[in-house]
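To start, the structure itself, in structure tokens.
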Amino acid sequence: MSHNLLKGKRGVIFGALNDMSIAWKVAEKAVEEGAIITLSNTPMAIRMGEVDALGKKLNAQIIPADATNVEDLENVFKQSVEILGGKIDFVLHSIGMSPNVRKKRTYDDLDYGMLEKTLDISAVSFHKMLQVAKKQDAIAECGSVVALSYVAAQRTFFGYNDMADAKSLLESIARSFGYIYGREKGVRINTISQSPTPTTAGSGVKGMDNLLDFSNKMSPLGNASAKECADYCITLFSDLTRKVTMQNLFHDGGFSSMGMSLRAMNQYSKGLEEYTDESGNIIYG
């Protein structure tokens, strides 16, 4: 159901790969809510993924770009303004990759060349994106920029490795750039700390299935899906959140506020009998 929250708005979505991608869901939802968009990903991702199909479905032009390359980003924003017929109202940064994770290098045995790539791809690309857009004055007054993060920026999670460092940097960039862009242009910049989500990128994290199960047991509302994350992104792109900026917003079913839940505790118990009342109803308190 559409509420026309983005009617007349123009957007750029970075990072859609296939229908498991959060960026893919955001692109679909943005168009459903009345926006016109362009899509961008690396040439390899476009060849290997299904972005062409998404572009045809949404009538969205695809602009190949390496988000770590300033010239490529300059082209994305320049072309997007031309294609969409005006300045950009919203941008999604949904980009992250760790060569160390892919090569199964542990955190105490990182390859530093790979670490530089992790930080450049997953975080510094966000700064480059914002800097390019600001220099081109490509984002409209009161526009909105969102990047996807994870709670590992604040807490240690087994297997998340140097991606945790990248997410910490990503959130810092949102705050630092959010101040400048907000003061000068009214542009708001936020990060969404999403539940672990079964995406192609996330599949490389060691123990991902167990992490998904654990976080789902810990969260009062359960894990937030990619589609639900897209809904949340739309609210941040819309005019309903015009005074929200420089925030890291947890979209994780309550996981980030939990210490221990009954369902998670039950992993270490033989059953739930001791947590039920006389009628057999579970006592959550």
Worksheet entry | Of all pairs that satisfy side-chain hydrogen bond (donor to acceptor under 3.5 Å, both in side chains), the ones with a partner from residues 26-37, not counting sequence neighbours | Trp24-Glu28, Glu28-Lys57, Lys29-Glu32
Worksheet item: Is a side-chain N or O of Arg263 found less than 3.5 angstrom from the main chain of Ser219, in a donor-acceptor match?
Response: yes
Worksheet item: Any donor and acceptor pair, going by atom type alone, linking the side chain of Asn223 with main-chain N or O of Leu212 inside 3.5 Å?
Response: yes
Discussion item. How about OH on Tyr107, more than 12 heavy atoms from neighbouring residues, nucleotides or ligands closer than 6.0 Å, or not?
Written reply: no
Worksheet item: How long is the span from the NZ atom in Lys78 to the CD atom in Glu71, to the nearest 0.5 Å?
Response: 13.0 Å
Item to complete: Report yes or no: does Lys25 contribute a side-chain atom to a donor-acceptor pair with the main-chain N or O of Asp19 at less than 3.5 Å?
Response: yes
Worksheet item: Using 30° and 60° as the class limits, which term best fits the ring planes of Phe157 and Phe255: parallel, tilted or perpendicular?
Response: tilted
Worksheet item: So do the side chains of Ser125 and Asp66 get within less than 4.5 Å of each other, counting heavy atoms only?
Response: no
Worksheet item: With no hydrogens and no angle check, is any side-chain donor or acceptor of Asn18 less than 3.5 Å from a backbone partner on Gly49?
Response: no
Worksheet item: Would you say Arg105's side chain and Pro99's backbone share a donor-acceptor pair under 3.5 angstrom?
Response: no
Fill in: Sidechain-backbone polar pair: Glu228 side chain, Ser225 backbone, donor-acceptor under 3.5 Å
yes
Discussion item. Quiz question: by atom type and distance under 3.5 Å, do the side chains of Ser149 and Thr191 form a donor-acceptor pair?
Written reply: no
Practice prompt. Classify the ring geometry between Tyr150 and Tyr160 as parallel (under 30°), tilted (30 to 60°) or perpendicular (over 60°).
Written response: tilted
Item to complete: Scan side-chain atoms only and decide if Asn100 and Asp162 contain a donor-acceptor pair under the 3.5 Å cut-off.
Response: yes
Worksheet item: Do Leu84 and Val81 come close enough that some side-chain heavy atom pair is under 4.5 Å?
Response: no
Worksheet entry | Interatomic spacing from CE in Met246 to CZ in Arg175 - rounded to 0.5 Å | 8.0 Å
Practice prompt. Please check if atom CG in Asn59 has more than 12 non-hydrogen atoms from other residues, nucleotides or ligands closer than 6.0 Å.
Written response: no
Worksheet item: Should we count CZ of Arg183 as having more than 12 external heavy atoms under 6.0 Å?
Response: no
Discussion item. Is any side-chain heavy atom of Thr118 closer than 4.5 Å to one of Met163?
Written reply: yes
Practice prompt. Would you confirm whether Thr38, through its side chain, and Ile62, through its main-chain N or O, come within 3.5 Å as a donor-acceptor pair?
Written response: no
Worksheet item: Do side-chain atoms of Ser176 reach the backbone of Ile173 as a donor and acceptor pair under 3.5 angstrom?
Response: no
Worksheet entry | Flag side-chain contact, heavy atom, 4.5 Å: Asn248 against Gln154 | yes
